[in-house]
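The structure under discussion appears below in the form of structure tokens.
For the single chain, residues carry numbers from 1 onward in sequence order.
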Amino acid sequence: MRQRTLGAICLGPTGNSQGGHYFMSLTSGERIVRHKWTSLPMPAEAIARVSHIGRRQGMPSSLTFSNRHGAEILDAIADTIEDDHPDVSDDDSDYSYDDDSDEDTSIVPGDDVSIVSDPDMSAAPAPAFPTATGVTQLDQALLDQALGYATGANDDPMETQEHESRNEADDETYEEEIAEEESYDIDDQESAGVDESAEVRNDMDDHDGTEEDDVTETGESTGVEEAECAENTGVEATNAGTLSEEFRQAEQEGREAATTSENTGPNTRSRNRNRRGRGPRNSYTLLTTIMDTFNPVTHRKLFCLVTAQMTANKGVKLFGAAGEQAIEKELRQLLTRDVMHGVDSKTLTREQRRAALRYLMFLKEKRCGTIKGRGCADGRKQRLYKTKEETSSPALSIEALFLSCVIDAYERRYVLTCDIPGAFMQAEMDELLHLKLDGTILEILLRMEPSYCQYVAYENGKKVLYAQLDKALYGAVQSALLFWKKLTAFVVDVLGFEINPYDECVANKIINGKQCTIAWYVDDLKLSHEDPAVVEDIFTKLQAEFGKEAPLTVTRGKVHNYLGMRIDYSIDGKVQFTMPTLVNEIIAQLPLSLSSGPSATPAGNHLFVVDKNAQKLSQTNSDLLHRMTTQLLYLCKRARPDLQTAVAFLTTRVVAPDCDDIKKLGRCVRYLRRTAHLPLVLEANCVSNIRWWVDASYAVHPDMRSHTGATMTLGKGSVYSMSTRQKINTRSSTEAELVGVNDAMSIILWTRHFLEAQGYTVRENVVYQDNESAMLLEKNGRRSSTKRTRHLDVRYFFVTDNIHRGKMSIEYCPTGDMVADYFTKPLQGSQFRKMLKQILNIDDSLIDSSPQECVEYDGKGLTQTSQDVTDQSRTRRADSVPQDDIEETSFDGVESAKTSPKSFLVKNRSYADVVSNREKV
């Protein structure tokens with residue numbers, strides 16, 4: 001009987017949900033995947049077998065490093081890593097921490113976000129590149145990341161699907177067959193939810209060691225950045241033709257070099273098997289040629305195009321004195337605010353040195369050309385012993401913000417917004433926590449404050465400094481909570497305000513017979529009162545408490561930029577919300593192949609239809625859809641609720657999107673481009689009367705679940721709206737309506753309680769529905785229940801209880817007037833326009849007329865022209881973009897979609913300007 005087990009060496013987990021591991025077969029030397037194994041001591045025969053396999057495959061006798069393509073990394077990379085991480089010592093060698101955390105991390109569009117973890121950059125050494133321009137290997141890894149090359153199904157060598165689908169018991173047969181076929185490494189596609197594209201399959205069949213030419217888009221545009229810098233600084237934006245020409249010339253040379261490398265790419269290690277050679281990718285060759293052509297110091301705009309942010313050491317080498325000044329500015333805050341004090345490392349125990357948080361510094365060139373430094377502590381070690389309750393900080397809810405803004409407009413209050421600089425560093429640290437500084441950061445600190453020289457120690461020949469944190473610091477997991485406690489204590493104990501129990505970031509106080517409200521999101525505050533003198537007095541007290549080292553940034557007047565939104569009180573009794581920066585950013589990412597033709601509505605009638613046979617998107621296009629859907633979700637929950645139905649469906653498709661999904665995304669963005677000027681206008685007739693519309697579409701999703709829609713107003717305009725798939729299946733439209741009301745019950749009751757805690761008497765809290773059977777169930781509870789509805793859980797009769805207690809009431813609304821119907825299905829035509837006007841509180845003239853300023857690409861640079869854009873001229877023609885400036889991606893496996901990072905942007909006049917001009921006419 002043949003042996004049914006196989007000797008192998010474990011290489012590590014595959015990372016899939018089935019718990020499989022990679023093994024190297026001692027029989028064939030191939031990498032295999034197994035889910036069951038027995039651990040055994042390492043025998044001498046195994047060591048001898050591995051050595052034999054290594055000699056047969058031409059492996060070097062000493063330890064070397066290579067990138068994921070097999071290209072050997074030169075010894076110089078060791079010096080680079082050592083410079084970047086001078087704190088690597090024996091003390092930390094046995095310490096590891098888990099990045100997996102229960103904490104949710106939210107990314108707000110518009111913020112600068114550093115990449116903490118990347119699978120390819122953490123699992124393998126940085127790839128080696130020619131460094132003619134002085135760019136090191138780790139910088140090239142950042143370039144690789146910025147170009148979207150670091151991850152994706154197309155990046156790794158491929159292993160045939162048969163390796164995981166074989167019967168694990170038939171190991172001997174497997175060994176015989178594997179010697180006759182190629183072996184490719186493949187990540188578990190099921191866990192990622194993405195199928196391979198046709199290009200990958202063709203590439204696997206070609207076995208030529210190369211991939212198709214594809215230049216991944218950076219997501220930023222040099223010309224766009226210059227235009228935005230000019231907007232911020234008042235300087236006219238100019239894009240030198242020479243720079244554009246040089247870039248395209250370098251790009252062309254890179255393409256030619258990539259084409260040449262297609263046939264001459266090195267195969268760094270000979271194999272006895274017919275293994276696919278993996279030379280440098282063509283996009284790498286292209287990027288290297290571009291970087292060799294340009295001096296990053298001379299053309300910083302170009303270098304900023306491909307690098308997001310970098311470490312202090314690399315930033316100083318690239319930006320020179322400007323980089324050092326940015327670091328000094330961040331370190332000066334630590335000194336002036338007494339955030340830390342030096343300690344002798346000899347007084348610290350081994351455990352304290354190991355637990356010390358390393359101080360990180362990242363540099364980035366902003367669009368206007370200035371260098372920005374961001375310093376923080378690496379607080380990941382704290383996740384081992386800190387719980388959520390010890391680190392979670394309350395934050396202002398978007399519902400509370402919108403309600404307070406409507407009240408501000410209704411009562412004609414004076415509004416002031418301000419920002420507290422260095423907020424976290426004004427709170428006292430609540431535990432013994434040490435900070436570790438080294439490298440370039442330490443050298444600059446010692447130059448700024450020589451008194452710290454007495455605390456300098458050496459670890460493995462490298463200078464290090466340990467300091468004890470006296471104040472909270474960005475990066476420490478409890479810093480946000482500590483600052484919230486300090487600000488709350490000042491608002492309550494010193495200013496005498498009372499916290500709203502339904503939102504702990506809203507406080508009120510009656511001053512001169514009128515209510516004064518303070519709302520804050522971390523360090524961004526909004527103050528309002530009918531008397532401007534009261535608001536200014538409170539601001540003066542805040543300035544005295546939190547502006548000792550640096551003054552608070554303040555905005556007064558009718559227009560405020562707050563939390564990424566433009567809040568405008570210019571029209572009496574009304575407040576309007578727009579987010580032009582985010583809208584332009586979303587429009588700029590839309591591929592040109594999806595840009596043709598205007599869209600009158602954000603979604604077609606087939607929105608909820610899913611074709612199971614549709615081709616899945618490649619990893620690059622899946623990431624694009626995921627990113628744009630996230631941005632649309634942030635937008636639609638704030639200034640553009642009219643996008644919610646389409647976005648609600650797209651959020652259910654980000655795991656395994658197909659070509660139909662990205663077309664639906666394109667339609668939504670085309671509608672946004674056509675209506676980019678539309679604001680959300682809110683006004684209240686009476687704060688005491690709350691009106692809700694709740695509806696449900698029965699069994700519209702592929703799993704036969706229904707869809708809930710709801711919206712609320714205090715007069716005109718949708719203050720809050722929701723569009724969500726129901727969590728259970730129902731047997732009738734009546735049950736779906738009942739489940740829909742239950743889905744909205746939490747926010748219905750919260751809104752009432754919040755307004756009552758604000759000091760207002762809620763006389764009516766009406767919920768409108770168009771299904772009378774559901775209304776009977778909600779009013780009568782079990783008395784209207786039959787065998788058909790008994791399967792529903794009793795919790796859904798929670799609605800009945802609140803009706804009897806007077807918390808809400810149910811009234812009938814005809815289907816034609818049911819505003820919530822907009823959020824349950826994709827409406828079209830006149831019904832869509834009717835509901836759109838009610839939700840955004842706008843009129844037909846604003847929908848039909850959209851005077852805009854368009855930023856267009858003319859082939860040489862960015863020029864700004866003013867024009868009236870009609871439905872027929874809103875789309876950007878693909879043939880107006882130079883062919884050298886586009887990226888080719890595949891959405892459907894048939895046609896090639898072309899994406900330009902210089903997509904056109906739309907900047908619109910404000911709603912108040914449009915209304916004002918119309919009134920003049």
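- Annotation: the span from Ser688 atom OG to Tyr760 atom OH amounts to 9.0 Å, rounded to 0.5 Å.
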Subject >> Audit row: Tyr671, Asp642, side-chain hydrogen bond (donor to acceptor under 3.5 Å, both in side chains) steps and yes/no >> reply: CA-CA 10 Å; Tyr671 166 80; Asp642 54 315; 2.7 Å; yes
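- Separating the CD1 atom in Ile747 from the CH2 atom in Trp692 is a distance of 5.0 Å, to the nearest 0.5 Å.
- Judged by distance alone, the side chain of Asn742 and the main-chain N or O of Leu738 form no donor-acceptor pair under 3.5 Å.
- We find the OH-OG1 distance between Tyr698 and Thr734 to be 10.0 Å, quoted to the nearest 0.5 Å.
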Original post:
Yes or no on side chain to side chain contact (heavy atoms under 4.5 Å, CB included) for Met745 and Trp750, after CA distance, side-chain angles and deciding distance?
Top reply: CA-CA 8 Å; Met745 277 301 298; Trp750 179 90; over 6 Å; no
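- Inter-residue side-chain proximity for Leu672 and Leu643 is flagged as met; some heavy-atom pair is nearer than 4.5 Å.
- Taking OG of Ser809 as the start and CG of Asn802 as the end, the distance is 12.0 Å to the nearest 0.5 Å.
- Looking only at distances, no side-chain donor or acceptor of His701 sits under 3.5 Å from a matching main-chain atom of Phe649.
- No salt bridge links Lys727 with Asp743; every basic N to acidic carboxylate O contact stays at or beyond 4.0 Å.
- The side-chain heavy atoms of Phe577 and Leu682, taken from C-beta on, include a pair separated by under 4.5 Å.
- A salt bridge is defined here as a Lys NZ or Arg NE, NH1 or NH2 lying under 4.0 Å from an Asp or Glu carboxylate O, and Lys526 with Asp408 meets this definition.
- Salt bridge annotation for Asp844-Arg833: present, with a cationic side-chain nitrogen under 4.0 angstrom from a carboxylate oxygen.
- With no hydrogens or angles considered, a side-chain donor-acceptor pair links Thr711 and Ser718 at under 3.5 Å.
- Side-chain contact check for Arg413 and Thr517: at least one donor-acceptor pair (N or O, by modelled atom type) lies under 3.5 Å.
- Side-chain contact check for Val554 versus Thr417: every heavy-atom pair is 4.5 Å or farther apart.
- In the model, Gln828 has a side-chain atom that pairs as donor or acceptor with a side-chain atom of Thr601 under 3.5 Å.
- Taking 4.0 Å as the cut-off between side-chain N and carboxylate O, Asp801 and Arg805 count as a salt-bridged pair.
- Contact between Phe823 and Ser721 at its shortest, heavy atoms only, is CZ-CB, 3.6 Å.
- Side-chain polar atoms of Gln589 and Arg627 form a donor-acceptor pair below 3.5 angstrom.
- Between the side chain of Asn729 and the main chain of Met704, a donor-acceptor pair closer than 3.5 Å is present.
- Taking all atoms of both residues into account, the shortest heavy-atom contact from Ala648 to Ser723 is CB-O, 3.3 Å.
- Ile839 and Leu680 make their closest contact through O-CD1, 3.5 Å (heavy atoms, listed as atom of the first residue, atom of the second, distance).
- Nearest approach of Phe832 to Ala600, heavy atoms of both residues: CE2-O, 3.4 Å.
- Paired with Ile511 under the rule side-chain contact (heavy atoms from CB on, under 4.5 Å), one option of Val535, Leu495, Ile538 passes, and it is Ile538.
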**OP:** Determine, step by step, whether His707 and Phe608 satisfy the ring-ring contact (aromatic ring centres under 6.0 Å, His included) criterion, reporting the C-alpha distance in whole Å, the side-chain angles of both residues, the deciding distance to 0.1 Å, and the verdict.
**Re:** CA-CA 10 Å; His707 198 90; Phe608 296 122; 5.2 Å; yes
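- Evaluated for a side-chain contact (heavy atoms from CB on, under 4.5 Å) with Tyr634, the options Thr629, Ile586, Leu582, Ile398 yield exactly one hit, Leu582.
- Looking at heavy atoms from C-beta onward, Ser733 lies in side-chain contact with Asn771 at the 4.5 angstrom threshold.
- Although no hydrogens or angles enter the test, the distance criterion places no donor-acceptor pair under 3.5 Å between the side chain of Asp695 and the main chain of Ala820.
- For the atom pair Leu482 CG and Ser393 OG, the distance stands at 9.0 Å (nearest 0.5 Å).
- Side-chain N/O atoms of Arg640 and Thr675 include a donor and acceptor closer than 3.5 Å.
- Side chains of Gln758 and Asn500: a donor on one and an acceptor on the other come within 3.5 Å.
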**OP:** Test salt bridge (Lys or Arg N to Asp or Glu O under 4.0 Å) on Arg566 and Asp568 and set out the steps.
**Re:** CA-CA 6 Å; Arg566 186 177 186 268; Asp568 192 347; 3.5 Å; yes
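- Cation-pi contact between Arg752 and Phe754: absent, since separation from the ring centre below 6.0 Å together with deviation from the ring axis within 45° is not met.
- Considering only heavy atoms from C-beta on, Glu683 stays 4.5 Å or farther from Val406 through its side chain.
- For the side chain to side chain contact (heavy atoms under 4.5 Å, CB included) test, residues two or more places apart in sequence or in another chain that qualify with Lys834 are Asp817, Gln831, Gln838.
- At a threshold of 4.5 Å between non-hydrogen side-chain atoms, the residues Asp660 and Val610 do not count as touching.
- Salt bridge present: Glu764 and Arg691 bring a charged side-chain N and a carboxylate O closer than 4.0 Å.
- Residues Gly666 and Leu590 approach most closely at CA-CD1, 3.8 Å, considering heavy atoms.
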Original post:
Do Leu563 and Asp524 pass the side chain to side chain contact (heavy atoms under 4.5 Å, CB included) test, and can you show the C-alpha distance, the side-chain angles, and the key distance before you say yes or no?
Top reply: CA-CA 8 Å; Leu563 303 184; Asp524 295 307; 3.9 Å; yes
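- For the pair Arg412 and Tyr569, the NZ or CZ position fails the cation-pi test of under 6.0 Å to the six-membered ring centre and within 45 degrees of the ring normal.
- In this structure, Glu737 and Gln769 have side chains that are in contact, with non-hydrogen atoms separated by less than 4.5 Å.
- With sequence neighbours left out, Asn561 forms a side-chain hydrogen bond (donor to acceptor under 3.5 Å, both in side chains) with no residue at all.
- Here the CD-CD distance, from Glu735 to Gln726, works out to 10.0 Å after rounding to the nearest 0.5 Å.
- You'll find the side chain of Ser392 stays beyond 4.5 Å of the side chain of Leu481, heavy atoms only.
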**OP:** Evaluate the criterion salt bridge (Lys or Arg N to Asp or Glu O under 4.0 Å) for residue pair Lys825 and Asp821; output intermediate values, then yes/no.
**Re:** CA-CA 7 Å; Lys825 61 178 72 72; Asp821 193 41; 2.3 Å; yes
**OP:** Begin with the C-alpha distance, continue with both residues' side-chain angles, and end with the deciding distance and a verdict on side chain to side chain contact (heavy atoms under 4.5 Å, CB included) for Thr751 and Tyr502.
**Re:** CA-CA 9 Å; Thr751 302; Tyr502 294 94; over 6 Å; no
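- Checked by atom type and distance alone, the side chain of Arg670 pairs as donor or acceptor with a backbone atom of Leu594 at under 3.5 Å.
- A salt bridge does not link Asp572 to Lys574: none of the charged nitrogens lies less than 4.0 Å from a carboxylate oxygen.
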**OP:** Please test Tyr521 against Tyr562 for ring-ring contact (aromatic ring centres under 6.0 Å, His included), starting from the C-alpha separation and ending with a verdict.
**Re:** CA-CA 10 Å; Tyr521 186 93; Tyr562 189 74; 8.0 Å; no
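- Closest approach of Thr713 to Trp693, counting heavy atoms only: CG2-CZ3, 3.5 Å.
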Subject >> Intermediate values then yes/no, side chain to side chain contact (heavy atoms under 4.5 Å, CB included), Leu527 and Cys418 >> reply: CA-CA 8 Å; Leu527 291 67; Cys418 60; 4.3 Å; yes
